[in-house]
Amino acid sequence: MAYSSNLLFLSFFVLTISQTQAKTFQPKALLLPVTKDSSLLQYTTQIKQRTPLVPIKLTIDVGGNFMWEECEKGYVSSSYRPVSCGSKICKISRSGACVVKCPPPHVPGCHNDSCSHLSYNPFTRLSNLGELATDAVSIQSTDGRSSGPMVLVPGLLFSCTPSTPSLLRGLFSGAKGIAGLGRSLVSLPSLFASAFKFQRIFAMCLSSSSQSGGVIIFGDVPYEFQLKKEVSKSLMYTPLIHNPKSTRRFYSKDDPSTDYFICLTSIKINSREVPLNMSLLNIDKEGKGGTKISTFDPYTVMERSIFTAVLKVFMEKTEGMTRVPSVKPFQYCISSKNLGSTRVGPPVPTIDLGLHYKSVSWKIYGANSMVQVKDDVLCLGFVDGGLNPRTSVVVGGHQLEDNLLQFDLVKRRLGFTSSLLFMQTNCANFNFTSSV
Ligand SMILES: *[C@@H]1O[C@H](CO)[C@@H](O)[C@H](O)[C@H]1NC(C)=O
Ligand SMILES: *[C@@H]1O[C@H](CO)[C@@H](O)[C@H](O)[C@H]1NC(C)=O
Ligand SMILES: *[C@@H]1O[C@H](CO)[C@@H](O)[C@H](O)[C@H]1NC(C)=O
């Protein structure tokens, strides 16, 4: 009798503690540090997952549907839970597949009645069916100014993907999968927002340096970088465009794209308008055309006629500079000897991406247009996408670096700052104070 009342007291006590903790630990926003892998030019992050917690390295895919991880072998966690086929989260993930029976042993990745989904590697364009599951994840909180205490998400959805055949090919060494931030209800921004009741908004600031990292902030807070208060005040906005069809391989025909598309309407180079075939800039019924943002293309890729037209005007505007032999994958390179430099990189013509209104433009200065390929050689960092690509313009990593981008999934708009270098700061200047 005395024993059981003791037990009762104990469980009451534990309950009180965890409730108090939950109250004091309501984060305003969450934070993922981002590092650039210098050999593959991928943007990477690390989360702590499972019970006990284990660090997991992932490649960031800004348009990715959800987080997936290769986990069949050696996955040990007391908090792993497979998602059942009839559950609500299985339905909203648009899975369309169910593993009714999985032969024992029932380990992570193999359970009866488990919701199954296609994990996708954008680098190899290959897919594999994984088991949707939830597990504990520990992530750093933030108020937008500096990093705060770690918080625990008890069950964060991800896809547990078999290790044979491995889907990790093409990812940086040490990567266990992909962190998908795309336009879906099961991507990390959506899941974090529902776990902590904040807005489905996130900001991404990729650093150009592989030595000092950038940051992704989930939640609606004012963003501050050192020496510059409130970068948020410099945001300009443009609508995010719905693409009715996925632009990735192996997706069901009815699935809308989870990539972030914007409405590019013109390109100007030092105020000269580049002649473009406007029909390529629209998205047709089959999901072809348009302009999207990508973290797995290291450089902006343009359909051939657009690429050629941009190159022609850019060459005219840099006539006085010394052309040197091109270095792959680029076509136009110049000598940077005696070229000098500005706060926003090499002094080359500014490239203006005109958006839904021509007055709203994303400005690309030398630091984002030119790539230093060797001492004294700079190349225009755009790549020929060939004839007939699925998406006409893919804005890639080099052009995104040291720009703060805010993806607002509620208002369906993209906020952007153009180069932070103009404000005398950069994406590596986030104040990471507390230890991870
Ligand atoms: C899984 O399904 C098989 C076949 O229906 C059944 O024999 C087995 O007991 C089930 N396992 C679990 C853990 O439910
Ligand atoms: C960074 O953040 C910490 C904690 O909020 C603060 O004490 C420190 O002054 C900040 N550093 C700078 C340079 O703003
Ligand atoms: C513009 O692009 C569309 C779609 O690719 C193509 O059908 C059309 O022929 C192009 N127009 C011109 C003038 O090149």
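Each ligand, and each atom within it, is numbered from 1 in the order the structure gives. Since the structure is predicted, the reported quantities are computational estimates derived from the model, not experimental observations.
With sequence neighbours excluded, no residue satisfies ring-ring contact (aromatic ring centres under 6.0 Å, His included) with Phe172. Judged as a salt bridge (charged side-chain N to carboxylate O under 4.0 Å, His left out), and not counting sequence neighbours, Lys176 has no contacts. Applying the salt bridge (charged side-chain N to carboxylate O under 4.0 Å, His left out) criterion to Arg94, with sequence neighbours excluded, gives Asp255.
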Practice prompt. Go through Arg50 and Tyr75 one step at a time and tell me if the side chain to side chain contact (heavy atoms under 4.5 Å, CB included) criterion holds.
Written response: CA-CA 9 Å; Arg50 311 177 193 179; Tyr75 193 109; 3.2 Å; yes
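Using a 30° and 60° split on the angle between ring planes, Trp362 and Phe416 fall in the parallel class, below 30°.
Both the sub-6.0 Å distance and the 45° axial angle are satisfied by Arg413 relative to the ring of Tyr237. Judged by the 6.0 Å distance and 45° axis criteria, Arg183 is not positioned over the aromatic ring of Tyr260.
Checked by distance only, ligand 1 and Asn112 come closer than 3.5 Å through their nitrogen or oxygen atoms.
Other residues, nucleotides and ligands contribute over 12 non-hydrogen atoms within 6.0 Å of the CZ atom of Arg323.
Atoms of ligand 2 lying under 4.0 Å from at least one heavy atom of Asn431, given by number and element, are 1 (C), 2 (O), 3 (C), 8 (C), 10 (C), 11 (N), 12 (C), 14 (O).
Counting heavy atoms closer than 4.0 Å to ligand 1, residue His111 contributes nothing at all. Residue Gln226 touches ligand 2 through its side chain alone, judged by heavy-atom distances below 4.0 Å.
Within 4.0 Å of ligand 3, protein heavy atoms come from Asn277, Ser279, Leu280.
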